[in-house]
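What follows is a set of notes on a single structure, which appears directly below.
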2 protein chains.
Amino acid sequence: MASNVGKMARSIPEETRTRLFLYLRELRCLQKKGICTIPSQRLAEACHVKSSTVRKDLSYFGEFGVRGVGYEVDGLTNELRSILNLDQIVKVALVGVGNLGKALLGFPGLEDEGFKIVAAFDADERKIGQKIDRVTVEDASRMEERIEAQDIRVAIMAVPASEAPAVAQRLAEANVNAILSFAPCELNIPPDIKISCVDLASEMARLVCCV
Amino acid sequence: MASNVGKMARSIPEETRTRLFLYLRELRCLQKKGICTIPSQRLAEACHVKSSTVRKDLSYFGEFGVRGVGYEVDGLTNELRSILNLDQIVKVALVGVGNLGKALLGFPGLEDEGFKIVAAFDADERKIGQKIDRVTVEDASRMEERIEAQDIRVAIMAVPASEAPAVAQRLAEANVNAILSFAPCELNIPPDIKISCVDLASEMARLVCCV
DNA sequence: ATAGGCTTGTGATTGTGATGTCAAGCACTA
DNA sequence: TAGTGCTTGACATCACAATCACAAGCCTAT
């Protein structure tokens, strides 16, 4: 692995980061099919982008291809995993075990890609102690402590919008550095914590809008 | 209402469309607070964008403000609702009533913003006939027929990735013109149908990635 | 009526990402 | 070893969205 992930740093487009994951997903699919080598052209088609885009995206991080041949699937997979910090399983905490939370616990799309919910919290006494998909729901009042003990750095918030800001605050205190929220509202937390907000209503609005 | 939504049409940036919905949400919030007038400056702060961005976004559709004063909250709300096709409740079909589907049926964030799930379908006989949050689960085999009968144009797919392409195909045949999918996979459907794919693994990857 | 203070709407500018293009370079063949 | 064909990597260009900056225009106070 000639990993030159030391070239990195300055201004990688947000879109590039998103695409890198798509490439990785496609590469894993190719691995399963036993394909060893792929040109940018075909990787691009599979991900619905232009081949020059694939090459440019990769070139931000090094030279992974062989001219006249293409990219070695295993090698590039490892490079991308390394770039995206997906070398090992990512431990995730789930806060809020309502319908949405339960759905996330059973959602195969996350675990397949290397994200594993290893702890779940809820404030509702009736839920505490329940075991859902191998994870036992714990008391939300002990959340910070448990997250730190297990060295979890990523959290998914599936709590009502009204609770979201307070929960985010507590997650920040527990030293997580990334939060995925389903509440369409502002979370006033330190800027060094990354937030991603899945805003379903906003997605729906974009779909309906015909402008 | 001096609605000049006839100026519209050519090349509205995708980001503008997304932001218009944020503006609308904020405006409704202002309405509740009884605020009648707001300058672009403050609307911008609430939505975390620049004031010039707000003004430019709105200017694609007309002149809704008053110089020296700002925008009338009620008036702009109506304009945006009109632009975004959110004048009346949007009827939505849900396909797949697993954990995720149930979560969506009970998710207040959708109904609050004018999207109402009026029909739900599943292939599992044990689920058919169940009533969840005022909606009765119907037999997926009759999906196309029921969607057309109720003139539903938007669907949410909460089905396993393996089923997604086939379901999307059937939705296309039922003449829906927009689909929100949670399956991270390609849906080969006519290009006149809008698709939005909520890819949770991809979101997680972006959060974890520190490049 | 007029001046002063705001805020809008818009043309100009800047910044950034997507795309086109092609020399450089590797594998394979003879 | 030289030649052919293919693909990468990088530079140049293009396209578009964000931002700036300011004239135009409304309101209030005097």
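Sequence lines set the chain letters: A, B, ... in the order given, protein chains first and strands last, and positions in each chain run from 1.
If you check the side chains of A:Ser82 and A:Asp87, you find no donor sitting under 3.5 Å from an acceptor.
For B:Ile195 against A:Leu207, the heavy-atom pair with the smallest separation is C-CD2, 3.9 Å.
Computed from coordinates, the B:Leu20 CG to D:dA17 C1' distance equals 14 Å when rounded to whole Å. If you take CZ of A:Phe61 and P of D:dA10, they are 14 Å apart, rounded to a whole angstrom. To the nearest angstrom, C1' of C:dG25 lies 18 Å from CZ of A:Phe64. In this entry the distance linking CD of B:Gln41 with C1' of C:dG9 reads 16 Å, nearest Å. Here D:dT8 presents its C1' atom at 14 Å from OH of A:Tyr23, a figure rounded to the nearest Å. Straight-line distance from the CG atom of B:Leu76 to the P atom of C:dT8: 11 Å, rounded to whole Å. In this entry the distance linking CD of A:Glu63 with P of C:dA24 reads 14 Å, nearest Å.
With a 4.5 Å cut-off on side-chain heavy atoms, B:Val54 and B:Cys47 do not count as touching. When side chains are defined from C-beta on, A:Asp199 counts as touching A:Pro184, because their heavy atoms get closer than 4.5 Å. Contact of the B:Gln31 side chain with the B:Ile35 side chain is not registered, since no non-hydrogen atoms from C-beta on lie closer than 4.5 Å. Contact of the A:Arg28 side chain with the A:Glu113 side chain is registered, since non-hydrogen atoms from C-beta on lie closer than 4.5 Å.
Here B:Tyr71 reaches the OP1 or OP2 of C:dG9: one of its side-chain N or O atoms lies under 4.0 Å away.
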Under a 4.0 Å heavy-atom criterion, the protein footprint on nucleotides 24-30 of chain D, written with B, S and -, is BBBS---

Once base and sugar-phosphate atoms are separated, protein heavy atoms under 4.0 Å mark nucleotides 12-22 of chain C, 5' to 3', with B, S and - as B----SSBBB-

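Using a cutoff of 4.0 Å between basic side-chain nitrogens and carboxylate oxygens, B:Asp151 and B:Arg153 are scored as salt-bridged. Ion pairing between A:Glu14 and A:Arg17 holds under the 4.0 Å rule for side-chain N and carboxylate O.
Across residues 32-40 of chain B, not one residue has a non-hydrogen atom less than 4.0 Å from an atom of DNA chain D.
Other residues, nucleotides and ligands contribute more than 12 heavy atoms inside 6.0 Å of the CG atom of A:Asp192.
Here A:Arg55 contributes atom CZ and A:Lys50 contributes atom NZ; the two are 12.5 Å apart, rounded to the nearest 0.5 Å.
With B:Leu76 as the partner, the side-chain contact (heavy atoms from CB on, under 4.5 Å) test is satisfied by one option alone out of B:Leu27, B:Ile38, B:Thr37, B:Leu30: B:Leu27.
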